[in-house]
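What follows is a short report on a single structure.
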Amino acid sequence: LATALTLGAMALGTQTAMAACDDGEMVIKFAHVVAATGHPKGDAATMFADRVNEEMNGVACMEVFPNSTLFDDDKVMEALLLGDVQLAAPSLSKFEAYTLKYRLFDLPFLFGDLDAVSRFFATDTAKDLLLATEDVGYTGLGYWSSGLKQFSANKPLLMPEDGNGLKFRIQTSDVAEAMINAMGGSAQKLAFSEVYGALQTKVVDGQENTWSNIYTQKFFEVQDGITETNHQLLAYLLVTSTEWLDSLDAEVRDQFLTIAEEVTIAANDSVAAQEAANRQNILDAGGTIRELTEEQRAAWIAAMKPVWAEFEGDIGADNIAAAEAANA
Ligand code: LMR
């Protein structure tokens, strides 16, 4: 079952987890863009595949394609509808073309910590939002948290205005663009696989991401330092095509959905520890991390607060209130 693509990926030295699919088994392909291991999403995808391959052996098998080896996050959404892949987990920031409701998750300083995020994911509001892209053919199976984001740049960033005049790579998110503008910087939307090169060649000056992405992609090696801002959530929608899901036999679908749910819980439970470990890995590898004083943090929050008003109409004040309530 080694496809040309897989062989190509192997030849390039990228890690591609392949399951041995037997004849007659339904093949479930899961494409994502991050590291295969040592990362909340990479590890969750592997856990998912291991369980499907063991518990659904003979009926289904799952192959995971990490590191953008099969599709980037833009292409993967089309590929789901075409049936070229059955599972993806793009960040919620990348759904602008499908729903504006997920702008909620990008609001700066919305969640105080990952526990608040977990509490919000358990609410009816969040569960309803899983189906925000149903009208365009997708079913959200769960939220996979990945951590809070930190800023890095080629100079120290202690106050939001330190970003003045700098260019930051962002995901395809207008909320992120507004956030960078609020710092006086300019934003450039780039695919994840292009970020390291863009930082290295100084096409952009800085970026924002989780400890796990900053460590596993080695962004810290091509930046002056990282500022512990915890300014925004990075979380994924585990997403599939509704047509594909509906095509499964009821029993098979139930078993698959149960595994998806259990993996989602386990993955979210281990994110905080993995993020802390990757923060430490950055320090151990010689990276610089700058912490903010209370006053500096207050300045970041104040600078970015106007961004909320800009997007409240798309998101809905009730959804914002429900997310804020999870901090209590
Ligand atoms: C990014 O593009 O920075 C992230 O969405 C990548 C990821 O999937 O964590």
Side-chain angles (χ1 to χ4, degrees), residues 14-15 17 30-46 48 64-77 79-80 85 87-98 102-103 105-106 108 114 117 140 142-153 167-177 179-180 187-200 203-220 222-223 226 229-239 264 267-268 270-272 274-275 278-279 282:
T14 50
Q15 289 169 291
F30 185 166
H32 69 78
V33 299
V34 302
T37 55
H39 185 289
K41 181 160 58 183
D43 287 341
T46 303
F48 199 171
V64 182
F65 299 85
N67 277 316
S68 311
T69 43
L70 193 55
F71 296 110
D72 71 16
D73 280 331
D74 275 348
K75 294 264 164 29
V76 86
M77 294 301 291
L80 281 170
V85 67
L87 278 176
S91 92
L92 292 158
S93 317
K94 294 178 178 167
F95 281 81
E96 296 256 331
Y98 307 97
Y102 291 169
R103 290 180 164 180
F105 299 97
D106 269 357
L114 289 173
V117 174
Y143 298 105
W144 285 6
S145 188
S146 201
L148 296 176
K149 286 158 69 176
Q150 324 298 339
F151 270 110
S152 71
K167 188 181 275 187
F168 290 89
R169 177 271 172 170
I170 57 164
Q171 305 181 69
T172 49
S173 155
D174 286 5
V175 181
E177 184 163 20
M179 219 171 58
I180 302 297
Q188 182 155 348
K189 294 175 181 170
L190 281 178
F192 187 59
S193 58
E194 293 170 25
V195 182
Y196 182 89
L199 292 170
Q200 190 182 35
V203 167
V204 294
D205 301 296
Q207 64 84 45
E208 33 137 30
N209 228 309
T210 57
W211 297 119
S212 296
N213 275 335
I214 293 169
Y215 178 66
T216 56
Q217 299 296 317
K218 302 189 188 325
F219 296 158
F220 67 96
V222 283
Q223 294 278 266
I226 303 133
T229 46
N230 286 321
H231 63 278
Q232 197 188 45
L233 173 67
L234 178 69
Y236 312 113
L237 185 72
L238 177 65
V239 64
T264 297
N268 285 332
S270 58
V271 169
Q274 200 159 23
E275 276 284 279
N278 279 326
R279 182 189 189 281
I282 292 170

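Values below: every heavy atom of this structure, side chains too, minus hydrogens, waters and symmetry copies. If you read the sequence from its start, that first residue is 1, and numbering goes on from there. Note that ligands are numbered from 1 as they come in the structure, with each ligand's atoms numbered from 1 the same way.
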| note | Per-atom filter on ligand 1: closer than 4.0 angstrom to a heavy atom of Lys41 are 7 (C), 8 (O)
| Which atoms of ligand 1 sit under 4.0 Å from any heavy atom of Leu234? | 5 (O), 9 (O)
| task | Might you work through the side chain to side chain contact (heavy atoms under 4.5 Å, CB included) test for Gln217 and Val195, ending with a clear yes or no? | result | CA-CA 9 Å; Gln217 299 296 317; Val195 182; over 6 Å; no
| field | Where Ser93 and Asp106 come nearest, the two heavy atoms and their spacing | value | OG-OD1, 2.8 Å
| Which ligand 1 atoms are under 4.0 Å away from a heavy-atom of Ser91? | 5 (O)
| said: Whether Lys189 and Asp174 form a salt bridge (side-chain N of Lys/Arg under 4.0 Å from carboxylate O of Asp/Glu) is what I want to check. | reply: yes
| said: Show me which atoms of ligand 1 lie under 4.0 Å from any heavy atom of Val34. | reply: 7 (C), 8 (O), 9 (O)
| field | Nearest neighbour in protein (non-hydrogen) for atom 9 (O) of ligand 1 | value | Tyr236 OH, 2.5 Å
| field | Beyond-backbone contact of Leu238 with Phe30, side-chain heavy atoms, under 4.5 angstrom | value | yes
| said: Using a 3.5 Å cut-off on N or O atoms only, is His39 in polar contact with ligand 1? | reply: no
| message | Please give me the minimum heavy-atom distance between Glu275 and Leu148, naming the atom from each residue. | response | OE1-O, 3.8 Å
| Shortest protein heavy-atom distance from atom 2 (O) of ligand 1, along with the residue and atom involved | Lys94 NZ, 2.7 Å
| query | Quick one: does ligand 1 sit under 4.0 Å from the side chain of Arg169, the backbone, both or neither, non-hydrogen atoms only? | reply | side chain
| field | For atom 5 (O) of ligand 1, the protein heavy atom that lies nearest, with its residue and separation | value | Gln171 OE1, 2.7 Å
| Under-4.0 Å heavy-atom contact with ligand 1, by part of Val195 that carries it | neither
| request: Only one of Asn209, Leu234, Leu92 passes side chain to side chain contact (heavy atoms under 4.5 Å, CB included) with Gln171; say which it is. | output: Leu234
| Should Ser145 and Leu233 count as side-chain neighbours, where that means a heavy-atom distance under 4.5 Å? | yes
| said: Under a 4.0 angstrom heavy-atom cut-off, which atoms of ligand 1 come close to Asn213? | reply: 6 (C), 7 (C), 9 (O)
| Contacts of Tyr102 that satisfy ring-ring contact (aromatic ring centres under 6.0 Å, His included) - sequence neighbours left out | Phe95, Phe105
